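For clarity, every value in this text was computed on a predicted model and none was experimentally measured.
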Amino acid sequence: MNTIRECWAESKSYRAILIAAILYTVLRFVVQVSLFAYSVTPEAIAEGSLVSADLQFSYIPAAEHFKAREDLYLQGSLEILEMHFPYSPSFAFLYGPLLLLPIETLVWVMTILHIVAYWLLYVSWARIFQRNNLTNAEKLWAQMLPLFIIFTVFWDDLALLNIYLIVALFATFAIEAVLNEKLGWASFWLGAVILPIKPHWAFALGIPLLLGRNRFFLRLMLGTLLAYLATVLVTILGGGADYVLRQYQEYFIFLGRLSRDFPWWGPDKPFLGYNHSVMQTILYYFGVTETNKTLTTIVKLLLLIPLGLAALKYLKSPIGKSGREVPETALALGFALYLGAFLWLDMVWEISLGLVIFVFLLTVIKQKRSQIFLWVIFLPYAALDIWRLISYLSFGDAILYEDVYVLTDPILYVPWILALILVFYGLLVQKLWQTKPETAQ
């Protein structure tokens, strides 16, 4: 917080931009609260008003199904996307008491949780940069506060009331614990929290391995496994062994067929949509066929080869230092693994850690052209919510398609999120290739 005060005292431009961002945030929050307030009225509920697809068609039904000992996962094809529950049985059980609140109360509870989690995300990264002596990143992070509070990802998550940013916060806690080699906390966040919700967010597991901290890596793997099994055991105690183990079996089967059964959008659809994965992008432009699905797998493998070779380089010449001793390299490895996981995924809706990676890259990439290019490609996405709000205030529900898609939104038509991931990923892999293990920072 001291860095923010310094930025405020040093720059009139910063003060003006921050005040403008705060004013926008107040307006945006008033609009969002108004929409929520209407959607939870008895009249709106009677009309089938949609508060949040994730809450109404995924989280709440899963909690109710667990309580009734009913199946959590679809038994057939995903004909209706909103009806699937992609998380583990432990998520349905452990978060059940919160999610079983009446929708009128749950909306406001989740709203508060999102705001608190988002602010903690900012504070946590400020602490990581400060405690690891990443002075340039710490200063730039403070300067990015105006962009942080208008960041499109936050307003998307608040509107949908999903858990993406909350999981990003948990992953941040895990990264910090791994950097400091705090085995207990790292195992807890990775095994007891992240793996039961979104397993691909456990990318921090790979950081100590690639740093050559083999002993800590093995202990962390064991601790994470034990923490995960502990959540399964608690779930069994809450739901019974037969039911929970059957649901876990269905869960793994569901994950295995999710990509196969997903309702992909092809050229017949009016636009690409918000899923900007490699799979969805290729299928939208070239057609939903088994051949194109196979082509997608080949493309993803080719994209991941540079990361695999970089990882092999670090495994062959291990640094042998903790993340706190070489924080710049450790974070570069972690972010590259994060983006690599999202390149492999077939459902990619946002880059929750996008602003963090943007700040990190601006401080480690020294070429002026690359920095300018980063601004050019990232800023339109980061500030996109402003355009969406202007569009909605100007045209109202007329610009909405199926109550979800904003027809004036440019990223409906262009895979901008995928482009961002590829740019971030390419620069990080380049950074890893240029860094010699013996000179790692």
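- Stacking of Lys182 on the aromatic ring of Trp185 is not recorded, the 6.0 Å distance cut-off and the 45° axial limit not both being met.
- Here the two rings, on Trp189 and Phe170, have centers that are under 6.0 Å apart.
- More than 12 heavy atoms of other shown residues, nucleotides or ligands fall within 6.0 angstrom of atom CH2 in Trp344.
- No side-chain N or O of Ser322 forms a donor-acceptor pair with one of Glu181 less than 3.5 Å apart.
- For Trp125 and Phe335, the ring centers sit closer than 6.0 Å to each other.
- Within the 6.0 Å centre-distance limit, the rings of Tyr243 and Phe66 are counted as a close aromatic pair.
- Proximity of Tyr248 to Ser88: side-chain heavy atoms (C-beta onward) are separated by under 4.5 Å at one or more points.
- For the side chain to side chain contact (heavy atoms under 4.5 Å, CB included) test with Val244, the passing option among Leu233, Ile236, Val234 is Ile236; the others fail.
- Aromatic rings from Trp433 and Tyr314 are positioned such that their centres are separated by 6.0 Å or more.
- Taking the six-membered ring wherever Trp is involved, the centroid distance between the rings of Tyr122 and Tyr118 does not fall below 6.0 Å.
- Taking 4.5 Å as the limit, every side-chain heavy atom of Arg388 sits out of range of all side-chain heavy atoms of Thr408.
- Note: Phe173 and Phe188 fail the aromatic proximity criterion, with ring centroids not under 6.0 Å apart.
- Take Ile19 and apply the side-chain contact (heavy atoms from CB on, under 4.5 Å) test, not counting sequence neighbours, and it matches Trp8, Leu23.
- Two rings, from Trp264 and Tyr284, have their centers 6.0 Å or more apart.
- In this structure, the side chains of Leu113 and Met110 come closer than 4.5 Å at one or more pairs of heavy atoms.
- Aromatic pair Phe91/Tyr59: centroids less than 6.0 angstrom apart.
- No side-chain N or O of Tyr228 forms a donor-acceptor pair with one of Ser90 less than 3.5 Å apart.
- Ring to ring, Trp265 and Tyr405 are close: their centroids are under 6.0 angstrom apart.
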Evaluate the criterion salt bridge (Lys or Arg N to Asp or Glu O under 4.0 Å) for residue pair Lys300 and Asp346; output intermediate values, then yes/no. CA-CA 10 Å; Lys300 290 192 296 184; Asp346 292 330; 2.8 Å; yes
Report the C-alpha separation of Phe360 and Leu428 in whole Å, then their side-chain angles, then the decisive distance to 0.1 Å, and conclude whether the side chain to side chain contact (heavy atoms under 4.5 Å, CB included) test is met. CA-CA 10 Å; Phe360 178 77; Leu428 283 166; 3.9 Å; yes
Begin with the C-alpha distance, continue with both residues' side-chain angles, and end with the deciding distance and a verdict on side chain to side chain contact (heavy atoms under 4.5 Å, CB included) for Leu420 and Phe358. CA-CA 10 Å; Leu420 269 175; Phe358 176 65; over 6 Å; no
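- Trp155 pairs with exactly one of Asp385, Ile386, Leu384 by the side chain to side chain contact (heavy atoms under 4.5 Å, CB included) rule, that one being Asp385.
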